[in-house]
Amino acid sequence: MTEIARGLEGINVTATKLCRIDGLKGELIYSGYNIYDLAEKSSFEEVAFLLWNQRLPNKQELDDLKAFLNKERPLDGVVERLIRELWPHVRPMRTLEIAVEVIGAIDPDSSDLTQPTLRKTAARLTAKMATVIAAYDRLRNGKEPVAPRDDLGHAANFLWMLTGEEPTELAKHVMDVAFILHAEHEMNASTFSAMVTGSTLSDMYSSIASAIGTLKGPLHGGANEAVFKTVDAIKEEKNIAPHVEALLGRGERVMGIGHRIYKTTDPRAVILERLGHQVAETSPDRWYFDLSLKLRDYLARKLEGKPLYPNVDFFSASVYRMLGIKSDLYTPIFALARITGWTAHLLEQYADNRLVRPNALYEGAANREYTPIANR
Ligand SMILES: CC(C)(COP(=O)(O)OP(=O)(O)OC[C@H]1O[C@@H](n2cnc3c(N)ncnc32)[C@H](O)[C@@H]1OP(=O)(O)O)[C@@H](O)C(=O)NCCC(=O)NCCS
């Protein structure tokens with residue numbers, strides 16, 4: 001074989017029942033349900049159940065899942081102590097990566113790869129990762145972590161643990177929808193990374209740590225923080241054109257624009273933009289959202305004819321900012337949602353495993369004679 005599929009573009013590496021994307025129509029479907037319906041009608045917990053079971057839960061099943069998440073949300077002492085040690089030196093995504101490995105290290109069932117145990121691990125990580133990020137943010141602000149509450153849903157609990165204040169109904173709703181929109185996205189780089197690690201029959205914790213490391217990069221989940229920096233640097237409408245021209249002139253990319261699969265508008269960006277308008281009504285940071293809209297319009301004119309449109313990261317940056325969340329938490333928030341999709345793919349992977357082991361075409365030197373070091 002002499003063909004190379006760079007970036008594995010257009011290659012099906014597996015079959016899945018979890019997600020279908022039509023990049024030309026701008027459609028995103030989780031197990032048969034359109035993302036617009038899920039964003040409007042469901043909750044993050046329901047979507048987590050859907051991804052793990054490929055069907056919506058009944059009332060009892062949803063209550064059971066919520067109860068399990070409540071039980072698992074608090075951190076073990078060793079994990080909290082670790083975060084206290086790490087926060088001055090380590091950024092949040094790496095903290096999350098390390099914390100996941102430590103949560104796995106103290107789980108006596110971590111190497112049990114049977115489906116019932118894997119399902120518990122998936123829900124445990126979903127619960128605890130949000131607590132890790134909230135505790136990290138509290139500690140670096142000189143505050144003590146806030147205990148989770150059993151009367152709040154997952155997204156609301158995250159905001160509560162982050163701020164120690166009762167989130168508004170709008171903030172709860174927006175965070176819940178943001179979690180739903182980021183929960184799953186077929187065979188993206190971080191999901192593939194989880195799958196490669198899982199395919200060696202390494203455990204779910206290490207597979208998720210691999211995925212977190214992959215999500216961190218600016219061409220994937222790191223793009224939302226990069227969007228924040230771009231809009232922050234632009235500051236005013238008059239700076240949009242010179243900033244973008246300089247960026248493109250240097251051969252750089254505008255973050256939050258373009259997608260490997262979507263060649264039309266990313267439906268997640270459409271939903272987040274709508275939410276952005278609602279949040280902007282009362283936010284002191286609405287200038288940032290307004291400037292993002294102007295940047296979007298400028299880019300639409302500038303890139304006309306190219307299939308480059310705002311992706312999910314473009315508007316998540318302004319929505320999170322208007323909720324008062326620090327920019328280096330945007331990518332971790334992506335991970336707090338995507339943990340459900342990653343683990344759902346791993347459930348599929350472990351149930352029908354095949355080691356991922358592709359080839360590389362060799363194009364180095366041939367038939368060289370070994371020279372002893374003294375003669376080199
Ligand atoms: C996401 C991304 C990596 C997908 O890119 P891809 O499928 O590999 O597309 P390519 O790199 O082949 O780019 C195709 C063309 O569009 C251009 N392009 C792609 N994204 C661009 C961007 N964000 N800004 C400017 N130009 C861009 C490329 O320069 C290339 O132009 P050319 O054909 O004239 O050389 C890319 O769009 C990107 O870097 N976007 C910014 C990062 C981002 O927002 N990532 C989050 C994705 S959810």
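First listed ligand is number 1; within each ligand, the first listed atom is number 1. Computed from heavy atoms alone, side chains included, the values below leave out hydrogens, waters and symmetry copies.
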Nearest-neighbour protein heavy atom for atom 40 (N) of ligand 1, which is reported as residue plus atom name and distance: I257 O, 2.9 Å
Other residues, nucleotides, ligands: >12 heavy atoms within 6.0 Å of R6 CZ: no
For ligand 1, the portion of L219 having any non-hydrogen atom under 4.0 Å away: both
In one Ile/Leu/Val/Met/Phe/Trp/Tyr side-chain cluster, 4.5 Å: L113, Y205: yes
Atom 33 (O) of ligand 1 protein-contacted, heavy-atom criterion under 4.0 angstrom: no
Atom 11 (O) of ligand 1 touched by protein (heavy atom, under 4.0 Å): yes
Ligand-residue contact atoms, ligand 1 with H220, heavy atoms, under 4.0 Å: 46 (C)
Presence of salt bridge, R84 and E144, under 4.0 angstrom: yes
Minimum-distance protein heavy atom relative to atom 46 (C) of ligand 1: D313 OD2, 3.2 Å
Pair H277 + F289: ring centers closer than 6.0 Å: yes
Nearest non-hydrogen protein atom, atom 1 (C) of ligand 1: G258 O, 3.8 Å
Atom 31 (O) of ligand 1: the protein heavy-atom neighbour that sits closest, reported with distance to 0.1 Å: K306 NZ, 4.5 Å
Any E9 heavy atom less than 4.0 Å from ligand 1: no
Y262 ring center near H185 ring center (under 6.0 Å): yes
Protein contact of atom 43 (C) of ligand 1 - nearest heavy atom, named by residue and atom, plus distance: A223 CB, 3.5 Å
Aromatic ring proximity, centroids under 6.0 angstrom, Y309 and F314: no
Protein residue, atom and distance nearest to atom 4 (C) of ligand 1, heavy-atom basis: R260 N, 3.6 Å
G256 N/O under 3.5 Å from ligand 1 N/O: yes
Criterion side-chain contact (heavy atoms from CB on, under 4.5 Å) on F158 and I333, from CA distance to verdict: CA-CA 10 Å; F158 174 61; I333 289 173; 3.8 Å; yes
Transitive ILVMFWY side-chain link L139 to W160, under 4.5 Å: no
Spacing of CD belonging to E273 relative to OG belonging to S316, to within rounding of 0.5 Å: 13.0 Å
Closer than 4.0 Å: a protein non-hydrogen atom to atom 8 (O) of ligand 1: yes
For atom 17 (C) of ligand 1, closest protein heavy-atom neighbour: L308 CD1, 4.0 Å
Close N or O approach (M255, ligand 1; < 3.5 Å): no
Atom 15 (C) of ligand 1: any protein heavy atom closer than 4.0 Å: no
same_hphob_cluster(F44, Y33) at 4.5 Å side-chain heavy-atom cutoff: yes
Aromatic plane relationship, H220 with F334 - under 30° parallel, 30 to 60° tilted, over 60° perpendicular: perpendicular
Minimum-distance protein heavy atom relative to atom 28 (C) of ligand 1: R253 NH2, 3.4 Å
Spacing of NZ belonging to K235 relative to CD1 belonging to I240, to within rounding of 0.5 Å: 13.5 Å
N or O contact, R268 vs ligand 1, cut-off under 3.5 Å: no
Contact (N/O only, under 3.5 Å) between V254 and ligand 1: yes
